[in-house]
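See structure below.
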Amino acid sequence: KLPSIALSQASGGQINLAEAVQSKPMLLIFYRGGWCPYCNVQLQDLRKIEGPLSKLGYQIVAVSPDQPDLLKSSVDKNKIGYTLVSDSKGELMRAMGIAFRVDDETVGKYKGYGIDLEAASGQNHHWLPVPSVFIIDRTGTVTFSYVNPDYRIRLPAPLILSAAETEFKALKTK
């Protein structure tokens, strides 16, 4: 089940995803942050299926540990029309079982590449989500999940759409 946790939106304000999913099923994406080139490619790829997912009745929500004010630059950079939310405290990613703590050596390496996890999240916990895709029905139940610890491998948008179509058909037959 999707936990009841309030997160900050790029547009300002808070959203509780467990409440939001009650009105529309959700495609929930976890990504590492706007600093991650693989994540930005995935966010852009999702634009290709935004229309078909909307016609099926789905809402798209992408979650990162970036602080809320950094989400706006991701929206602008990737020309995103769907919802981005901040899990800067790592609460949702930990509750979903996909959080990992970046070790100090890797944090140092990232800083050498110009990536400051603490500046991105506004926190010093060094939590990141394993990039993940979840389809969640209106009861808050996860009906599909894809989680791959290799951050370079992402589920392509056409496969995400196929999974959503399959889940939509399954819901109609219940």
*asked:* The criterion is side-chain hydrogen bond (donor to acceptor under 3.5 Å, both in side chains); which residues satisfy it with Asp103, sequence neighbours excluded?
replied: Thr106

*Using a side-chain heavy atom cutoff under 4.5 Å and only I, L, V, M, F, W and Y, what cluster partners does Tyr38 have?*
Tyr151

*Heavy-atom side-chain proximity of Leu28 to Leu2 below 4.5 angstrom*: yes

*asked:* Using 30° and 60° as the class boundaries, would you call the ring planes of Trp35 and Tyr110 parallel, tilted or perpendicular?
replied: tilted

*asked:* Are Met93 and Pro65 packed together at the side-chain level, in the sense that at least one heavy-atom pair is separated by less than 4.5 angstrom?
replied: yes

_Shared hydrophobic cluster, Ile60 / Ile136 (ILVMFWY, side-chain heavy atoms < 4.5 Å)_ = no

*Residues two or more places apart in sequence or in another chain: which of them pass ring pair (Phe, Tyr, Trp, His ring centres under 6.0 Å) with Phe100?*
none

*Counting N and O atoms only, with roles assigned by atom type, does the side chain of Arg138 sit under 3.5 Å from a partner on the main chain of Val21, one being a donor and the other an acceptor?*
no

*Are any non-hydrogen side-chain atoms of Ser132 and Ser145 less than 4.5 angstrom apart?*
no

*N/O donor-acceptor pair under 3.5 Å between Gln67 side chain and Ala119 backbone*: yes

*State whether the side chain of Glu50 and the backbone N or O of Tyr82 hold a donor-acceptor pair below 3.5 Å, judged by distance alone.*
yes

*asked:* Using only atom types and a distance under 3.5 Å, with no angle test, would you say the side chain of Asn40 pairs donor to acceptor with the backbone of Gly34?
replied: yes

_Any residue meeting salt bridge (charged side-chain N to carboxylate O under 4.0 Å, His left out) with Lys48, in chain and number order, not counting sequence neighbours_ = Asp45

*With sequence neighbours left out, write down each residue that passes salt bridge (charged side-chain N to carboxylate O under 4.0 Å, His left out) with Asp116, or none if nothing qualifies.*
none

*Do Ile98 and Phe134 come close enough that some side-chain heavy atom pair is under 4.5 Å?*
yes

*Return yes if some donor-acceptor pair links the side-chain N/O of Arg47 with the main-chain N/O of Ile80 below 3.5 Å, else return no.*
no

*Would you say the side-chain atoms of Ser121 pair up with the backbone N or O of Ser88, donor to acceptor, closer than 3.5 Å?*
no

*At what distance, to the nearest 0.5 angstrom, does CD of Gln59 lie from OG of Ser23?*
5.5 Å

_If you define the side chain from C-beta out and look only at heavy atoms, does anything of Asp66 sit under 4.5 Å from Leu84?_
no

*Distance from Leu17 atom CG to Met26 atom CE, nearest 0.5 Å?*
4.5 Å

*Without swapping roles, check the side chain of Glu167 against the backbone of Pro25 for a donor-acceptor pair under 3.5 Å.*
no

*In Å and rounded to the nearest 0.5 Å, what is the CD1 to CG distance from Ile160 to Leu155?*
4.5 Å

*salt bridge (Lys or Arg N to Asp or Glu O under 4.0 Å) contacts touching residues 147-166 (sequence neighbours left out)*: Asp150-Arg152

*How about Gln9 and Leu71: do any of their side-chain heavy atoms sit closer than 4.5 Å?*
no

*What distance do Ile135 atom CD1 and Tyr146 atom OH have between them, rounded to the nearest 0.5 Å?*
13.5 Å

*Counting distance only, does the side-chain N/O of Lys89 pair as donor-acceptor with the main-chain N or O of Gln123 below 3.5 Å?*
no

*Would you say Ser162's side chain and Pro158's backbone share a donor-acceptor pair under 3.5 angstrom?*
no

*Assess whether atom NZ of Lys109 is packed by more than 12 heavy atoms of other residues, nucleotides or ligands within 6.0 Å.*
no

*Would you check if Ile5 and Arg94 make a side-chain contact, meaning some heavy-atom pair closer than 4.5 Å?*
no

_Polar side-chain atom of Ser64 near backbone of Tyr31 as donor-acceptor pair, under 3.5 Å_ = no

*asked:* Does any part of the side chain of Phe30, heavy atoms only, come nearer than 4.5 Å to the side chain of Leu92, both counted from C-beta?
replied: yes

